[in-house]
Amino acid sequence: MLQYWLVKSEANCYSIDDLIKEPNQTTAWSGVRNYQARNFMRDMMKIGDQVFFYHSVTNPGIVGLAEVCSKAYPDPTQWDMNDPHCDPKSQPDNPRWYLVDLKFVDKFKTPISLSILRSYSELSGMELLKKGSRLSVMPVQKNEFEFILKLITS
DNA sequence: GCCAACGTTGGC
DNA sequence: GCCAACGTTGGC
């Protein structure tokens, strides 16, 4: 059974256009340093799961769709001394941080802005829309996912 | 185990 | 730039 997710990124940090430019339009979703977000990737994401790509802060909204294309594996940047997300406390024999690879699927002609998302009562239960929601990787309910997809095609 | 202090996220 | 909300750290 496929599951649905949403990942956040600031566009000036890593945008959906950056993903499109990657070899095979695929990237390792590295740098996540939140345990809840890690658990979603490590324990629940499966190859083929569908992932909304969300730009935060500047013109916040869902800008496209990606797909999980690897199983979870240790995030190599946790052991990279030159990486801002380096975590010296993480032991190679007991990695603290995991990630999955994401592959580009679609870029929406028109992003679905945060304010638009908020305007639909059907989406009022979305994790993304909850007050104080700061998770950078979060689940999306099937009915929410399908509702949003219909907004794209209509 | 508690909790104050701090740093970060992210909307506005 | 402001500030609310949140997670993490570390002293006790």
Side-chain angles (χ1 to χ4, degrees), chain A residues 3-22 27-45 49-68 72-152:
Chain A
Q3 288 183 279
Y4 306 96
W5 307 94
L6 180 146
V7 297
K8 284 183 192 171
S9 180
E10 288 193 45
N12 59 11
C13 177
Y14 189 90
S15 72
I16 193 154
D17 292 318
D18 294 323
L19 178 60
I20 290 172
K21 288 180 209 145
E22 299 281 1
T27 193
W29 200 248
S30 65
V32 173
R33 296 294 181 266
N34 170 284
Y35 288 103
Q36 219 181 328
R38 177 207 65 183
N39 292 348
F40 287 136
M41 289 198 286
R42 188 188 61 181
D43 305 335
M44 297 178 70
M45 279 190 175
D49 280 1
Q50 301 295 108
V51 184
F52 282 134
F53 199 111
Y54 178 87
H55 284 170
S56 61
V57 181
T58 308
N59 299 322
I62 299 173
V63 294
L65 188 61
E67 178 175 305
V68 176
Y73 60 97
D75 181 345
T77 66
Q78 68 195 300
W79 298 302
D80 180 351
M81 303 260 285
N82 297 315
D83 192 286
H85 302 291
C86 180
D87 182 355
K89 292 187 206 159
S90 179
Q91 302 299 320
D93 59 353
N94 184 23
R96 185 179 288 191
W97 305 112
Y98 282 74
L99 53 67
V100 296
D101 291 346
L102 295 182
K103 184 177 175 61
F104 172 77
V105 174
D106 191 24
K107 179 182 175 182
F108 303 151
K109 286 197 182 67
T110 308
I112 309 173
S113 70
L114 180 60
S115 59
I116 292 287
L117 291 169
R118 285 198 192 283
S119 73
Y120 290 103
S121 60
E122 292 89 338
L123 301 177
S124 60
M126 271 190 92
E127 185 70 30
L128 176 74
L129 304 182
K130 287 182 184 163
K131 190 175 180 186
S133 167
R134 284 172 36 183
L135 273 178
S136 62
V137 177
M138 66 181 78
V140 174
Q141 300 306 310
K142 183 177 163 78
N143 63 320
E144 297 162 350
F145 183 86
E146 289 171 351
F147 184 87
I148 291 167
L149 272 198
K150 269 191 256 171
L151 297 179
I152 306 305

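Note that this is a predicted model, so its numbers are computed, not measured.
- Taking the six-membered ring for Trp and the full ring otherwise, A/Phe53 and A/Phe104 have centroids separated by 6.0 Å or more.
- Between A/Arg33 and A/Asp75, at least one side-chain nitrogen of the basic residue sits less than 4.0 Å from a carboxylate oxygen of the acidic one, meeting the salt-bridge criterion.
- The side-chain heavy atoms of A/Trp29 and A/Asp101, taken from C-beta on, include no pair separated by under 4.5 Å.
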Using a cutoff of under 3.5 Å, can you pull out all pairs of nitrogen or oxygen atoms linking the protein to nucleotides 8-11 of chain B, with atom names and distances?
from   : atom 1 : to       : atom 2 : distance (Å)
B/dT8  : O2     : A/Arg134 : NH1    : 3.2
B/dT8  : O2     : A/Arg134 : NH2    : 3.3
B/dG10 : OP1    : A/Lys8   : NZ     : 2.9
B/dG10 : OP1    : A/Arg134 : O      : 3.1
B/dG11 : OP1    : A/Tyr54  : OH     : 2.7
B/dG11 : OP2    : A/Val57  : N      : 2.6

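- Atoms CD and CG, from A/Glu144 and A/Leu6 in turn, are 10.0 Å apart once rounded to the nearest 0.5 Å.
- Two rings, from A/Phe147 and A/Tyr120, have their centers less than 6.0 Å apart.
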